[in-house]
Structure formats: C-alpha cells, structure tokens
Amino acid sequence: MNNFQTLIVKRRSIRHFTSQAVDENDIKTIVEAGLLAPTSKSSRAWQFIIVNEPELLERLSHCKSRAAEPIGRAPLAIVVAIDPSATDPWIEDASIAASYMQLQAADLGLGSCWIEVRDRYANDGTPAEEYVQEQLQMPETLPVVCILAIGHPAEERKPQAIEKLKWEQVHINKWIER
Ligand SMILES: Cc1cc2nc3c(=O)[nH]c(=O)nc-3n(C[C@H](O)[C@H](O)[C@H](O)COP(=O)(O)O)c2cc1C
C-alpha cells in the first residue's frame with residue numbers, strides 16, 4: 001500500500017490470524033517503525049520484546065482476564081515496555097511507537113491488535129504488567145504498556161466508515177457547544 005490515507009481508512013484491529021509465520025524482514029521493518037517513532041526530548045526509553053514462541057504467546061494471552069485472546073492466536077507479538085524514570089510522558093512515547101508499528105504492519109498487509117496491559121489484571125488478580133514481566137523475565141522497573149498481536153489476517157473487516165466520523169467533536173478557533 002502506498003497511499004497513507006487509504007492505509008488509515010483500511011486499518012482495522014485484527015484478532016484472528018492464519019498460522020503463517022511473519023517474515024523476518026517484515027518483523028524488522030515493523031520494529032524499525034517503532035524505533036523511528038518520535039519521543040519526548042528524544043528519550044527513546046522504550047523496550048520492544050519480540051515473541052514468536054507459540055507456548056509463550058499462549059501464556060501471554062492469559063495476562064488479563066479478558067480481551068487478550070488474540071495474542072494466543074497470533075504467530076507474533078511485540079511487547080511494548082518503557083522506562084518511566086527516563087521520560088515523564090512515557091505512556092505517550094510508548095503509545096506512539098506502538099501505533100507506528102501497527103500502521104507499518106498494516107502497510108505490509110499484516111493485521112494487528114493492541115492488547116492493553118497497563119492497569120489490567122489477570123483472572124487471579126495479578127496485575128497484567130507483573131504477569132508479563134514474569135513470563136519474559138523482565139525487570140519490574142519497566143512497565144508494560146501494551147502487547148501488539150500481529151499476523152496474517154484470517155478475518156476480513158470493513159474499512160472505517162468515513163461518513164460516520166465524529167465531526168461534531170471538531171472545533172475551529174473556539175469551543176462550539178453542540
Ligand atoms: C489503548 C487501546 C487499548 C486497546 N485494548 C484492546 C484489548 O485489550 N483487546 C482488544 O481486543 N482490542 C483492544 N484495542 C483495540 C480496540 O478495541 C479497537 O481499536 C477499537 O475497537 C476500534 O476498532 P478498529 O481498531 O478496528 O478501528 C485497544 C485499542 C487501543 C487504542
């Protein structure tokens with residue numbers, strides 16, 4: 001795909017994947033997009049953990065009580081963590097990098113889904129962040145913001161509906177009460 005507007009209209013969250021592995025060059029291109037993302041004061045404090053072991057993916061899909069299942073169905077996940085002591089807008093920095101990687105994945109014809117980890121809990125009440133840190137033997141000082149489940153789409157989703165965009169939430173020069 002080479003038209004950015006088409007890309008963002010067509011990008012949808014994909015939660016079902018084929019068993020086909022993601023090509024290594026594509027993984028590199030996706031991670032490069034994360035590493036190219038802008039950060040506050042150029043702090044680049046994120047850490048990306050690439051996961052492609054099926055058993056580990058399955059375990060990560062239990063990091064929270066619901067809505068993490070796509071990880072267990074994906075051939076690839078990228079865990080996005082960041083050092084909050086290095087930058088105060090750490091959530092923003094991590095989120096922008098994750099979004100860049102999702103858009104890059106879409107541009108490569110891959111599907112992805114953001115799985116929220118921060119402030120979420122596993123079935124037994126364990127914080128999802130702690131669960132993921134333990135599975136990946138990560139330091140406790142690195143909060144996990146999200147996990148991107150990535151793979152070849154096994155579902156088709158309609159493009160975004162341009163006619164339903166919330167233009168009523170857009171204001172020019174001053175707040176307009178609607
Ligand atoms: C911050 C954030 C957290 C999300 N968390 C989850 C999640 O935990 N599990 C999931 O299946 N989808 C998750 N999503 C995907 C959203 O549900 C999805 O983006 C939204 O429904 C809009 O659909 P679309 O991406 O297809 O346009 C998350 C998206 C964002 C931006």
Side-chain angles (χ1 to χ4, degrees), residues 1 3-18 22 30 33-34 37-40 45-49 51 54 56-82 84 87-136 138 142-170:
M1 220 176 292
N3 177 312
F4 186 71
Q5 205 225 354
T6 305
L7 176 76
I8 54 174
V9 171
K10 284 194 168 173
R11 182 221 56 84
R12 298 302 311 273
S13 293
I14 295 297
R15 299 183 174 86
H16 294 268
F17 308 93
T18 70
V22 177
I30 293 167
T39 51
S40 170
W46 8 245
Q47 302 281 339
F48 306 129
I49 298 111
V51 181
L56 190 49
L57 289 162
E58 166 60 22
R59 275 189 271 136
L60 289 178
S61 76
H62 299 288
C63 67
K64 59 178 183 173
S65 54
R66 54 173 294 276
E69 299 86 354
I71 304 169
R73 297 193 285 255
L76 172 72
I78 300 177
V79 176
V80 179
I82 190 157
T87 177
D88 53 319
W90 55 277
I91 301 174
E92 292 87 335
D93 284 359
S95 301
I96 293 166
S99 287
Y100 265 47
M101 290 193 278
Q102 284 200 280
L103 290 173
Q104 181 61 77
D107 193 50
L108 292 165
L110 297 162
S112 74
C113 188
W114 176 307
I115 307 297
E116 185 72 7
V117 172
R118 202 176 56 81
D119 283 346
R120 298 291 185 267
Y121 296 86
N123 268 333
D124 66 359
T126 307
E129 292 186 48
E130 264 180 53
Y131 178 97
V132 175
Q133 286 165 341
E134 199 181 305
Q135 296 298 325
L136 304 176
M138 290 169 59
L142 279 182
V144 175
V145 172
C146 66
I147 300 178
L148 301 179
I150 302 172
H152 293 270
E155 63 176 327
E156 254 189 57
R157 299 214 43 214
K158 284 191 190 148
Q160 305 274 358
I162 293 280
E163 66 283 1
K164 289 191 186 152
L165 296 182
K166 292 186 175 285
W167 282 101
E168 68 277 15
Q169 289 170 212
V170 178

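First listed ligand is number 1; within each ligand, the first listed atom is number 1. Excluded from the calculations below are hydrogen atoms, water molecules and symmetry mates; all remaining heavy atoms, backbone and side chain alike, are included. Positions are given from 1, in the same order as the sequence printed here.
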(request) Before giving the answer on side-chain contact (heavy atoms from CB on, under 4.5 Å), spell out for Glu58 and Ser61 the whole-Å C-alpha distance, their side-chain angles and the decisive distance to 0.1 Å. (result) CA-CA 5 Å; Glu58 166 60 22; Ser61 76; 3.9 Å; yes

(request) Grab the two heavy atoms, one from Val117 and one from Ala128, that are nearest each other, plus how far apart they are. (result) O-CB, 3.6 Å

(request) Kindly give the heavy-atom pair with the smallest separation between Asp93 and Pro38, and that separation in Å. (result) OD1-O, 4.5 Å

(message) Test your reading of the model: is there a side-chain donor-acceptor pair from Gln133 to the backbone of Leu142, 3.5 Å cut-off?
(response) yes

(request) Nearest 0.5 Å please: distance from the CD1 atom of Ile30 over to the CE atom of Met101. (result) 9.0 Å

Between the protein and ligand 1, which nitrogen or oxygen pairs come in under 3.5 Å, and how far apart is each?
from     : atom 1 : to     : atom 2 : distance (Å)
ligand 1 : 5 (N)  : Trp114 : O      : 3.4
ligand 1 : 8 (O)  : Lys64  : NZ     : 2.6
ligand 1 : 8 (O)  : Glu116 : N      : 3.1
ligand 1 : 9 (N)  : Ala67  : O      : 2.8
ligand 1 : 11 (O) : Arg15  : NE     : 2.8
ligand 1 : 12 (N) : Arg15  : NH2    : 3.2
ligand 1 : 12 (N) : Trp114 : O      : 3.3
ligand 1 : 14 (N) : Trp114 : O      : 3.3
ligand 1 : 17 (O) : Arg15  : NH2    : 3.0
ligand 1 : 19 (O) : Ser13  : OG     : 3.2
ligand 1 : 25 (O) : Arg11  : NH1    : 3.0
ligand 1 : 25 (O) : Arg11  : NH2    : 3.2
ligand 1 : 25 (O) : Ser13  : N      : 3.3
ligand 1 : 25 (O) : Ser13  : OG     : 2.6
ligand 1 : 26 (O) : Arg12  : NE     : 2.8
ligand 1 : 26 (O) : Arg12  : NH2    : 3.3
ligand 1 : 26 (O) : Ser13  : N      : 2.7
ligand 1 : 26 (O) : Arg157 : NH1    : 3.0
ligand 1 : 27 (O) : Arg11  : NH2    : 3.1
ligand 1 : 27 (O) : Arg12  : NE     : 3.3
ligand 1 : 27 (O) : Gln160 : NE2    : 3.0

Identify every side-chain donor-acceptor pair in residues 68-78 under 3.5 Å, counting partners at least two apart or on other chains, and give the distances.
from  : atom 1 : to    : atom 2 : distance (Å)
Glu69 : OE1    : Ala67 : N      : 3.1
Arg73 : NE     : Arg15 : O      : 2.8
Arg73 : NE     : His16 : ND1    : 3.4
Arg73 : NH2    : Arg15 : O      : 3.0

